[in-house]
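Mind having a look at this structure? Questions to follow.
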Amino acid sequence: MAEPSGAVERGIRSLISARNSLKSSLEKSKSIGLALEKTGPRFDEIEQRLPSLEAAVRPIRADREALIAVGGHINRAVGPAAAVLKVFDAVHGLEKSLLSDPKNDLSGYLSVLKRLEEALRFLGENCGLAIQWLEDIVEYLEDHSVADEKYLSTLKKSLRLLREFQQEKAKLDGGLKDAALDKLENEFRRLLQDNSVPLPMASPSSLGEQQPCIAPSQLPVTVIHKLQAILGRLRANNRLEKCVSVYVEVRSSNVRASLQALDLDYLDITVTEFNDVQSIEGYISQWGNHLEFAVKHLFEAEFKLCNEVFERFGSSLWMDCFSKIAAQAGMLAFLQFGKTVADSKKDPIKLLKLLDIFTSLNKLRADFNRLFGGAACIEIQNFTRDLIKKLIDGGAEIFWELLPQVKIQKQIPPPSDGGVPRLVSFVTDYCNKLIGDKYKSTLTQVLLIHKSWRSERFQENQLMVEVLRIIKMIEQNMDAWMKAYPDQTLSHFFGMNNHYHLYKNLKGTRIGDQLGDAWLKEHDQYKEYYATVFLRDSWGKLPSHLSREGLIIFSGGHATARDLVKKRLKAFNDAFDEMYKKQSTWVVPEKDLRDRVCQQIVQAVVPVYRSYMQNYGPLVEKDASSSKYVRYTVVALEKMLSSLYMPKPMRYGSFKGTPPSEKLKNEVDLRRTTSAVV
């Protein structure tokens, strides 16, 4: 009975173990069921995302060779792209320094800018490489269908925008380099303006006394070095043009400011604003001094400074810069004034002014050639060349027309006052000037050049020969004018005046030396002859009216003597009044001759009148009608005679004739300084 009960006990244990196992399984199944119930929605979400995930991971499903090739392309693009990104970060790191004011640390600023340029150069070179590799990847993906069309389209659009951005290199730094260069240009202007100070000027009246000198540089060396450093960076970025314009603007303005103290408004005068050269003669004299000052003190300094500032950038640049400064600062205005004078109305005085201008330019010829001789100064060269041609042509033309114009004046009536015609006084003084130290060499040079242009020879003594011909033509005119007077007394008076004028104004001159002592003595003798004849035929006749004949007074003959005295005094007074009235309008321009003639007249008339009045005056002075016969006291008579022939206030005039050529018709206006021909 013991064995059966043991078997049952084992069976029960087995059942209990099975029940426990089943119960555990049921609990696990229940847990799994609950987990599956929670996971269901997630499977739905995954199912919805499967198309996009499939497209994203599609390359994984490509064949092995395609995947290996794509990996190689990606590896090649990663290196340049990473380097580009790193440099971009460096560029942004420079922004703060480059947006600061370069005034505080110019050298440091330029160093940072150079680093930016190097970074941009790297970006310019490597951005293209990175983009090229990326484009290769896209092309491979497209050819091997490794990616879908939507993905490729988006990638292509991004690459196209990147390529456009890379081609516009200025955008690589977001405009930072341009902003930095703008700041450098502003600093360039500031340095120039702060250090460009007008040259201290002397008073205009003392300019002619200043010794020509080369002016020192007007900018400190440290400033020049800074300007050069700025120009170097700007040139590296093709930004020189604006700085050159700024330099020209500031420096030309500085020169103009230096010249303002000279009062150069006259440079703007036009031909229509003056009547003749004499009216602006003072300006012409100033012009020579002002031009010399401008060239030697101002433009010389600018020439040197341009060379110092721009010497590293080639001679053509700094010469072009200087030429613009010279033109804008007023060099062309100086030359234009000379042209205005050259274009004015023909006039012998104009010849002297043309020679003055030529002398000033010739004196500065070496300076002009050195300062304005380069190709950049072609405008100034052409203007100067044209001006010199006008001066030479105009001067030679006026000179060679002098003799014909003097000859024409023979046809004009002589002066009614018997004085020296303006032609005579003008020509003698004028010819003395032409042959004098101031003008002779210049006029000779002008005539020589003019003849050479026409392939004609000019003899060394030709100038003197022509001047002597003019003086001798004056002699012929004088002879013709003397014969034109209907009054012989006035003719002799005229001859006395004019022969003495030639003698006095040519004696001791180069012209007088050429004419010789005999010629001069002849005119002096003519003067004496005509003075003697004039005195004899006019005032010398007055004493004859005061005859003593029949005035021997006998007892009881007072009445007869008184009547004779009255008659003779009346005749004397009438003759004196007529002669005095007639000759009171006559003039003797030369004071020494006038004093001598008046003295001779006084000596011829007054002693006779005094003696007559002392002896016979009492016969009529007691008469009630004595004032009719005794009109003048001896003192009054002497005073009247001593004050004769005083010249009128000097006035200017002109004589015009019909010149031998239509070209000069009514254009020549010879100036005289004493009495008129007409």
Checklist entry - Nearest heavy-atom pair of S360 and W287: which atoms, and what distance? => result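 Nearest pair, atom of S360 first, then W287: CB-CZ3, 3.8 Å.
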Checklist entry - What is the distance from atom CG of D524 to atom CG of L502, rounded to the nearest 0.5 Å? => result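 D524 atom CG to L502 atom CG measures 11.5 Å (nearest 0.5 Å).
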Checklist entry - So, does Q381 use its side chain to make a donor-acceptor pair with the main chain of G374 at under 3.5 Å? => result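 Yes: the side chain of Q381 pairs with the backbone of G374.
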Next on the checklist: Could you check whether any side-chain N or O of E273 sits under 3.5 Å from a backbone N or O of T270, counting only pairs where one atom can act as donor and the other as acceptor?
Outcome noted: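 Between the backbone of T270 and the side chain of E273 there is a qualifying donor-acceptor contact (under 3.5 Å).
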Next on the checklist: Within this structure, what is the CG-NZ distance for the pair L535 and K541, rounded to the nearest 0.5 Å?
Outcome noted: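 So the CG of L535 and the NZ of K541 are separated by 11.5 Å.
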Checklist entry - Which heavy atom in K296 sits nearest to a heavy atom in D367, and how many Å separate them? => result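 Of all heavy-atom pairs spanning K296 and D367, the closest is NZ-OD2, 3.0 Å.
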Item to check | Flag if over 12 foreign heavy atoms under 6.0 Å of NZ, K504 | outcome: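 Count over threshold, so yes.
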Next on the checklist: Has N573 got a side-chain atom pairing as donor or acceptor with Y629's backbone, closer than 3.5 angstrom?
Outcome noted: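 Yes; at least one donor-acceptor contact below 3.5 Å.
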Item to check | L351 side chain reached by L434 side chain, heavy atoms, under 4.5 Å | outcome: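 Side chain of L434 against side chain of L351, heavy atoms only: contact under 4.5 Å found.
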Next on the checklist: Is it the case that atom NZ in K451 sees more than 12 heavy atoms from other parts of the structure closer than 6.0 Å?
Outcome noted: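 Counting other residues, nucleotides and ligands, NZ of K451 exceeds 12 neighbours.
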Checklist entry - Are the side chain of K350 and the backbone of A342 linked by a donor-acceptor contact shorter than 3.5 Å? => result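 Checked: pair present.
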Checklist entry - Does H450 reach the side chain of E456, with side-chain heavy atoms less than 4.5 Å apart? => result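 Not in contact.
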Next on the checklist: Can you tell me if E578 has over 12 outside heavy atoms packed within less than 6.0 Å of its CD?
Outcome noted: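 Counting neighbours around CD of E578, 12 or fewer heavy atoms of other residues, nucleotides or ligands fall under 6.0 Å, so no.
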Next on the checklist: Looking at D517, I want to see if its CG is surrounded by more than 12 non-hydrogen atoms of other residues, nucleotides or ligands under 6.0 Å.
Outcome noted: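 Incorrect, the count does not exceed 12.
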Checklist entry - Hey, is the main chain of V588 close enough, under 3.5 Å, to the side chain of R594 for a donor-acceptor pair? => result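 Flag set: sc R594 to bb V588 pair under 3.5 Å.
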Item to check | Residues D595, K591: salt bridge by 4.0 Å N-O rule | outcome: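 Answer for the salt bridge query: yes.
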Next on the checklist: For V420 and F494: C-alpha separation, side-chain torsions, deciding distance, then whether side-chain contact (heavy atoms from CB on, under 4.5 Å) applies.
Outcome noted: CA-CA 7 Å; V420 178; F494 174 85; over 6 Å; no
Checklist entry - Can N477 and Q409 be said to form a side-chain contact (heavy atoms from CB on, under 4.5 Å), step by step? => result CA-CA 7 Å; N477 287 8; Q409 309 311 311; 4.2 Å; yes
Next on the checklist: Taking the six-membered ring for Trp, are H499 and Y530 closer than 6.0 Å centroid to centroid?
Outcome noted: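 Judged by ring-centre distance (under 6.0 Å), H499 and Y530 do meet the cut-off.
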Next on the checklist: Taking the side chain as everything from C-beta on, heavy atoms only, tell me whether V597 gets closer than 4.5 Å to L644.
Outcome noted: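 Side-chain contact under 4.5 Å: no.
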Checklist entry - Once the angle between the rings of W400 and F458 is folded into 0 to 90°, is it parallel (under 30°), tilted (30 to 60°) or perpendicular (over 60°)? => result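 Judged by the thresholds at 30° and 60°, the geometry between W400 and F458 is perpendicular.
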Which atom pairs, donor and acceptor, lie under 3.5 Å between side-chain atoms of residues 598-607 and protein residues at least two apart or in another chain?
none

Next on the checklist: Is it the case that the ring center of F572 lies less than 6.0 angstrom away from the ring center of H545?
Outcome noted: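 No, they do not, as the ring centres are separated by 6.0 Å or more.
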Checklist entry - Do the rings of Y266 and Y283 sit parallel, tilted or perpendicular, given the 30° and 60° boundaries? => result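 Aromatic pair Y266/Y283 classed parallel.
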Checklist entry - So, for L298 and S258, which heavy atoms are closest and what is the spacing to 0.1 Å? => result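 Scanning both residues, the minimum pair turns out to be CD2-CB, 3.8 Å.
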Checklist entry - Measuring from K566:NZ to K570:NZ, what's the distance to the nearest 0.5 Å? => result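 One finds 12.5 Å between NZ of K566 and NZ of K570.
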Checklist entry - Can you check salt bridge (charged side-chain N to carboxylate O under 4.0 Å, His left out) on K353 and D356, steps first, answer last? => result CA-CA 5 Å; K353 300 302 109 182; D356 287 338; 2.9 Å; yes
Next on the checklist: Can you tell me if K407 has over 12 outside heavy atoms packed within less than 6.0 Å of its NZ?
Outcome noted: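 No, the 6.0 Å shell around NZ holds no more than 12 heavy atoms from other groups.
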Checklist entry - Is any side-chain heavy atom of P421 closer than 4.5 Å to a side-chain heavy atom of V424? => result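 Of all side-chain heavy-atom pairs linking V424 with P421, at least one is under 4.5 Å.
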Item to check | Working for salt bridge (charged side-chain N to carboxylate O under 4.0 Å, His left out), residues K390 and D343 | outcome: CA-CA 8 Å; K390 283 180 175 289; D343 290 339; 3.0 Å; yes
Item to check | salt bridge (charged side-chain N to carboxylate O under 4.0 Å, His left out) evaluation trace for D574 with R631 | outcome: CA-CA 10 Å; D574 291 344; R631 298 179 189 174; 3.0 Å; yes
Checklist entry - Does the N497 side chain pair with the main chain of V587, one donor and one acceptor, at a distance under 3.5 Å? => result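 Yes: the side chain of N497 pairs with the backbone of V587.
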Checklist entry - Are K527 and Y503 close enough that some pair of their side-chain heavy atoms sits under 4.5 Å apart? => result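 Of all side-chain heavy-atom pairs linking Y503 with K527, none is under 4.5 Å.
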Item to check | Rounded distance [0.5 Å steps], CZ in F493 versus OG in S538 | outcome: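 Going from the CZ atom of F493 to the OG atom of S538 covers 9.0 Å.
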Next on the checklist: My understanding is that only residues two or more places apart in sequence, or in another chain, count here; which of them pass side chain to side chain contact (heavy atoms under 4.5 Å, CB included) with Q459?
Outcome noted: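 Testing Q459 for side chain to side chain contact (heavy atoms under 4.5 Å, CB included), a comparison that skips the adjacent residues, returns R457, N461, Q462.
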Checklist entry - Does Y609 use its side chain to pair, donor to acceptor, with the backbone of Y632 at less than 3.5 Å? => result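 Here the side-chain-to-backbone pair exists.
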Item to check | Candidate pair D417 and Y645, rule side-chain hydrogen bond (donor to acceptor under 3.5 Å, both in side chains), full reasoning | outcome: CA-CA 9 Å; D417 60 11; Y645 313 129; over 6 Å; no
Next on the checklist: So, taking the atom named CD in Q445 and the one named CG in L463, what distance separates them when rounded to the nearest 0.5 Å?
Outcome noted: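 Spacing of CD (Q445) from CG (L463) equals 13.0 Å.
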Item to check | Full working for side-chain hydrogen bond (donor to acceptor under 3.5 Å, both in side chains) between W519 and E475 | outcome: CA-CA 11 Å; W519 186 91; E475 286 186 285; 3.2 Å; yes
Checklist entry - Is a side-chain donor or acceptor of Y430 paired with a backbone partner of P348 at a separation under 3.5 angstrom? => result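 Flag set: sc Y430 to bb P348 pair under 3.5 Å.
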Next on the checklist: For Y616 and Y612, take the angle between the two ring planes, folded into 0 to 90°, and tell me which bin it lands in: parallel under 30, tilted 30 to 60, perpendicular over 60.
Outcome noted: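 The rings of Y616 and Y612 sit tilted, inter-plane angle from 30° to 60°.
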Checklist entry - Can any side-chain N or O of S611 pair as donor or acceptor with the backbone N or O of V608 at less than 3.5 Å? => result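 The answer is no, because no donor-acceptor pair under 3.5 Å joins these two groups.
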Item to check | Heavy-atom pair of closest approach, residues L403 and I470 | outcome: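 Heavy atoms only, the tightest pair is CD1-CA, 3.9 Å.
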Next on the checklist: We want to know whether S425 and H501 form a side-chain donor-acceptor pair, criterion being a heavy-atom distance below 3.5 angstrom.
Outcome noted: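 Absent: no donor and acceptor within the cut-off.
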Item to check | R568 side-chain N/O to S547 backbone N/O, donor-acceptor pair under 3.5 Å | outcome: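 Yes.
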Item to check | For A329 against L259, the heavy-atom pair lying closest together | outcome: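 A329 and L259 have their closest heavy atoms at O-CD1, 3.9 Å.
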Item to check | Student check: side-chain heavy atoms of T489 and W586 closer than 4.5 Å | outcome: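 Side chain of T489 against side chain of W586, heavy atoms only: contact under 4.5 Å found.
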Next on the checklist: For C377 versus L371, what's the shortest heavy-atom pair and its separation?
Outcome noted: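 Taking C377 first and L371 second, the nearest heavy atoms are SG-O, 4.0 Å.
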Checklist entry - How many angstroms lie between atom OG1 of T633 and atom CE of M640, to the nearest 0.5 angstrom? => result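 Rounded to the nearest 0.5 Å, the OG1-CE separation comes to 10.0 Å.
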Item to check | Plane angle bin for F372 and F299 - parallel if under 30°, tilted between 30 and 60°, otherwise perpendicular | outcome: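 Plane angle over 60°, so perpendicular.
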Item to check | Side chains of Q476 and K410 in contact at under 4.5 Å (non-hydrogen atoms) | outcome: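 In short, these two side chains touch, coming nearer than 4.5 Å.
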Item to check | Minimum side-chain heavy-atom gap N505-D429 below 4.5 Å | outcome: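 Of all side-chain heavy-atom pairs linking D429 with N505, none is under 4.5 Å.
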Checklist entry - Which is it for E401 and K346 under the salt bridge (charged side-chain N to carboxylate O under 4.0 Å, His left out) test, yes or no, and what are the steps along the way? => result CA-CA 10 Å; E401 284 293 336; K346 290 180 182 178; over 6 Å; no
